[in-house]
Amino acid sequence: MLNRLKGFLYDCIGTIACFGKRSSPSPKLLIIKTDEIGDFMLWHKFLDELIGAERFRNHEIHFCGNSSWESLFNCFHRGKVARTYWLQKNVFKRQMPYRYHFLRTIFREHYSCVINLQFSRDKTFDDALVLAAKAACVIGMTSNLENVRSYQLGYDRKLYTELFTYPERPIFDFVRNRLFTEFITQKPSLIKNTRIDPAALPLLPFTLQKPYFVVFPGSRNPARIWPASSFITVANHLHTTFGWTAVICGGPGDTTFSEAFLQGYEHPYVDLTAKTSLPELMSVLKDAACLLSVDTGSVHLAAATGCTVFGIFNGSQYGRFAPYPKEMADNFYAVYPDEVAKEISDPKQVQERYEYVVDIPYRNVSPEQLIQQIKNHYHQ
């Protein structure tokens, strides 16, 4: 009942925001992508092909993104679009004046075309922006139902004028993004992987002595936590085997996890928790021997730099975000609990159980499983 009441309030705010005058109509495109860091890294290289499409040749192009990865967008794409909007998703969800002003700004721009880049569309966020734009041309993907409640079914029936549909499941998100780009541009995409040009990354304001490996022990999602003791066991193996120094990374919200790791880790380390921007984190990863992390945006940042990834996963959305196709990254190791590893070998089980988020604890992955992958990779 509470969610329904919130939804009704959001609808009212959206309706009120769309009253009044708009700017004069002109060819103007709004591109929307408000999901998370990993989603951005699996898409952003297609931006150039979208804005260079013949159908948008005379359009002024604007972009609306998630404020959590604004620094990454500016690092790789600064100056490519005429205007950017950075959505603070938690504020947009909780503070109605902010929501109203953001939607009203979108409405008043009078866009002729909108592209929503998200597969798991959400009535609360990206589709609310699409609705506020009131564009004649609205392009999107046929959504899965991950973010749609039962009482919301069909809300978007008349929202889109062009829908891309690809029935295969699972499909790696980068591949889906490439196919969607080709659907819009009507040209084959030249983008084959997520690798970035290292020269685009910033120089670090400090020096890291090589060789080192990166430990990313935290997650914004409390369900995606691997025990500090397990990270310590694997980190101990890397140090005693190779002599590498541990570099601990994370955002401001990860300090608790970093502290828990450092309380039990007795070898040399450098603590960079909350001390780097996302582009600087990529600079750290670029020169690292490997990354240890749970299923967070860090694994996608690392993959884009070519860093070897040893990631802890629980089977959620299997095939969409991990494992990486070998032709894209042959040094990306997604490690699953034994019971999950058995089931994901069956495509039917994958489709029936692992298409969405599952509640299998990440702690079910043992440190010995990760150590075995490390031994296999380095031919120990």
Side-chain angles (χ1 to χ4, degrees), residues 1-19 22 29-36 39 43 64-66 85 87 89-90 92-94 96 98-100 102-107 109-171 173 175-177 179-184 316-321 348 350-359:
M1 178 61 72
L2 180 60
N3 286 323
R4 286 190 181 225
L5 290 174
K6 288 180 180 178
F8 177 72
L9 177 59
Y10 294 153
D11 290 343
C12 290
I13 295 295
T15 299
I16 296 170
C18 294
F19 280 114
R22 310 175 77 185
L29 169 67
L30 175 64
I31 300 173
I32 297 173
K33 189 162 185 65
T34 61
D35 39 14
E36 305 308 316
D39 303 278
W43 165 78
C64 179
N66 186 332
Y85 306 93
L87 183 71
K89 292 182 71 173
N90 286 335
F92 188 71
K93 186 176 181 179
R94 296 172 182 170
M96 295 306 102
Y98 176 86
R99 187 181 187 89
Y100 167 79
F102 205 103
L103 293 175
R104 181 146 184 81
T105 298
I106 298 298
F107 167 74
E109 282 293 329
H110 206 156
Y111 292 102
S112 56
C113 187
V114 171
I115 299 174
N116 185 358
L117 297 165
Q118 279 151 230
F119 175 54
S120 298
R121 294 193 277 105
D122 193 327
K123 187 173 187 276
T124 302
F125 297 108
D126 50 287
D127 271 348
L129 298 169
V130 170
L131 183 61
K134 303 292 183 185
C137 170
V138 185
I139 307 170
M141 303 188 201
T142 298
S143 176
N144 68 5
L145 300 179
E146 184 176 16
N147 296 320
V148 180
R149 300 179 185 274
S150 59
Y151 58 84
Q152 295 176 325
L153 290 172
Y155 78 88
D156 59 347
R157 190 168 291 120
K158 296 182 180 180
L159 190 54
Y160 288 82
T161 60
E162 298 179 36
L163 275 175
F164 169 73
T165 300
Y166 193 76
E168 181 181 324
R169 1 192 304 263
I171 180 173
D173 233 41
V175 177
R176 180 186 286 108
N177 290 330
L179 293 171
F180 186 41
T181 301
E182 293 174 343
F183 170 80
I184 296 171
S316 293
Q317 301 172 306
Y318 178 82
R320 180 177 174 186
F321 300 108
K348 185 177 180 181
V350 170
Q351 292 183 355
E352 291 180 354
R353 187 174 183 194
Y354 295 102
E355 181 175 2
Y356 299 133
V357 174
V358 297
D359 60 359

Cut-off 3.5 Å, no hydrogens considered: what does the side-chain donor-acceptor table look like for residues 2-14, sequence neighbours left out?
residue	atom	partner	partner atom	Å
Tyr10	OH	Lys93	O	2.7
Asp11	OD1	Lys123	NZ	2.7
Asp11	OD2	Lys123	NZ	3.1

Problem - Rounded distance (nearest 0.5 Å) linking atom SG of Cys113 with atom CD1 of Ile184 - result: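 It is 8.0 Å, given to the nearest 0.5 Å.
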Handout entry: Side-chain donor-acceptor contact under 3.5 Å, Tyr160 with Asp127
Key =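 There is such a pair between these side chains.
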Practice task
Identify, with sequence neighbours excluded, every residue that meets side chain to side chain contact (heavy atoms under 4.5 Å, CB included) alongside Cys18.
Solution key: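 In terms of side chain to side chain contact (heavy atoms under 4.5 Å, CB included), with neighbours along the sequence ignored, Cys18 is linked to Phe107, Ala132, Lys134.
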Handout entry: Val148: side chain to side chain contact (heavy atoms under 4.5 Å, CB included) partners, not counting sequence neighbours
Key =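 Val148: side chain to side chain contact (heavy atoms under 4.5 Å, CB included) contacts with Leu145, Gln152, Leu153, Tyr155.
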Exercise for the section: Could you tell me whether the side chain of Lys89 and the main chain of Asn66 form a donor-acceptor pair under 3.5 Å? Expected result: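 Side chain of Lys89 to backbone of Asn66, a donor-acceptor pair under 3.5 Å: no, none is there.
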Practice task
Could you tell me whether the side chain of Thr34 and the main chain of Gly65 form a donor-acceptor pair under 3.5 Å?
Solution key: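 Not a single qualifying donor-acceptor pair exists.
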Handout entry: For Glu162, all residues meeting salt bridge (Lys or Arg N to Asp or Glu O under 4.0 Å), sequence neighbours excluded
Key =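 Listed in chain order: Arg55.
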Problem - Asp35: partners by salt bridge (Lys or Arg N to Asp or Glu O under 4.0 Å), with sequence neighbours left out - result: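 Counting only residues at least two positions away or on another chain, Asp35 forms a salt bridge (Lys or Arg N to Asp or Glu O under 4.0 Å) with Lys33.
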Problem - Between Phe183 and Phe164, ring centroids under 6.0 Å - result: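 Yes; Phe164 has its ring centre under 6.0 Å from that of Phe183.
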Handout entry: Note, Asn177 side chain near Leu117 side chain (heavy atom, < 4.5 Å)
Key =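 A side-chain contact under 4.5 Å is absent here.
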Practice task
With the side chain counted from C-beta on, respond yes when Cys64 and Phe102 share a heavy-atom pair under 4.5 Å apart, and no when they do not.
Solution key: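 In contact.
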Exercise for the section: Would you list the pairs meeting salt bridge (Lys or Arg N to Asp or Glu O under 4.0 Å) in which at least one residue belongs to residues 151-160, sequence neighbours left out? Expected result: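 Listed by first then second residue: Arg121-Asp156.
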